[in-house]
Amino acid sequence: MSANHKDKVDAALDLLREALGDWWKDDRRKWCAYCGIPMKLRCPKGKPIPPQKATRDHVISKRHNGGLVTIPACYACNQAKGTMSVPEFL
């Protein structure tokens, strides 16, 4: 990655952090950022993962050199979003 590209990615991440705030320090961590359902923080081991299981979604996917900014998302939305950007997914 070139230095110019890295600077642009860092600037975009700073803007995202400023706009989103810290979802993990308030009650938003209990709700899916995409569909709004209340999420299960704990699920039984040895059973299939339920769609409402709480996960961390990378706003800019790791595939696109992101991965530093995460928001709460249910398992179903996180799986459906995959490596898409947020605008592509919504």
Side-chain angles (χ1 to χ4, degrees):
M1 179 184 317
S2 71
N4 188 30
H5 181 72
K6 184 181 180 325
D7 290 341
K8 287 180 182 179
V9 169
D10 289 343
L13 289 172
D14 288 342
L15 285 173
L16 280 170
R17 282 189 199 99
E18 186 178 317
L20 294 173
D22 192 344
W23 287 59
W24 302 106
K25 291 186 178 178
D26 59 33
D27 282 341
R28 293 179 292 174
R29 71 183 180 278
K30 298 175 184 174
W31 302 86
C32 178
Y34 298 117
C35 70
I37 67 164
M39 297 185 297
K40 289 186 176 184
L41 300 179
R42 300 188 192 283
C43 298
K45 293 188 182 223
K47 299 204 176 204
I49 298 172
Q52 67 273 28
K53 166 80 169 92
T55 65
R56 287 181 178 257
D57 179 58
H58 297 88
V59 175
I60 301 174
S61 73
K62 291 190 260 184
R63 181 177 185 190
H64 296 106
N65 298 319
L68 300 176
V69 177
T70 62
I71 58 174
C74 68
Y75 182 75
C77 286
N78 201 342
Q79 290 295 107
K81 179 177 171 277
T83 60
M84 288 187 271
S85 68
V86 173
E88 288 172 324
F89 177 61
L90 297 177

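The structure presented is a predicted model; accordingly, all values stated were derived computationally and were not measured.
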What distance do [X] atom [atom1] and [Y] atom [atom2] have between them, rounded to the nearest 0.5 Å?
{"X": "Lys53", "Y": "Cys32", "atom1": "NZ", "atom2": "SG", "result": "13.0 Å"}
{"X": "Leu90", "Y": "Met84", "atom1": "CG", "atom2": "CE", "result": "9.5 Å"}
{"X": "Thr83", "Y": "His58", "atom1": "OG1", "atom2": "NE2", "result": "13.0 Å"}

Verify the cluster assignment for Trp31 and Leu41: are they in a single hydrophobic cluster under the rule of side-chain heavy atoms below 4.5 Å apart?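 No.
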Ile71 and Phe89: same hydrophobic cluster, using ILVMFWY side-chain contacts below 4.5 Å?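 Looking at the clustering, Phe89 is in the same group as Ile71.
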Set of ring pair (Phe, Tyr, Trp, His ring centres under 6.0 Å) partners for Tyr75, sequence neighbours left out: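 Partners of Tyr75 under the ring pair (Phe, Tyr, Trp, His ring centres under 6.0 Å) test: none.
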Any heavy-atom pair between the side chains of Val86 and Tyr34 that's under 4.5 Å?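 Side-chain contact under 4.5 Å: yes.
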Non-neighbouring partners of Lys81 that pass side-chain hydrogen bond (donor to acceptor under 3.5 Å, both in side chains), sequence neighbours left out: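 Per chain and number, Lys81 pairs via side-chain hydrogen bond (donor to acceptor under 3.5 Å, both in side chains) with Asp57.
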Is the number of heavy atoms from other residues, nucleotides or ligands within 6.0 Å of NZ (Lys40) greater than 12?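 No, NZ of Lys40 has 12 or fewer neighbouring heavy atoms, counting only those of other groups under 6.0 Å.
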Over all atoms of both residues, closest heavy-atom pair of Thr55 and Ala73: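 Heavy atoms only, the tightest pair is OG1-O, 2.6 Å.
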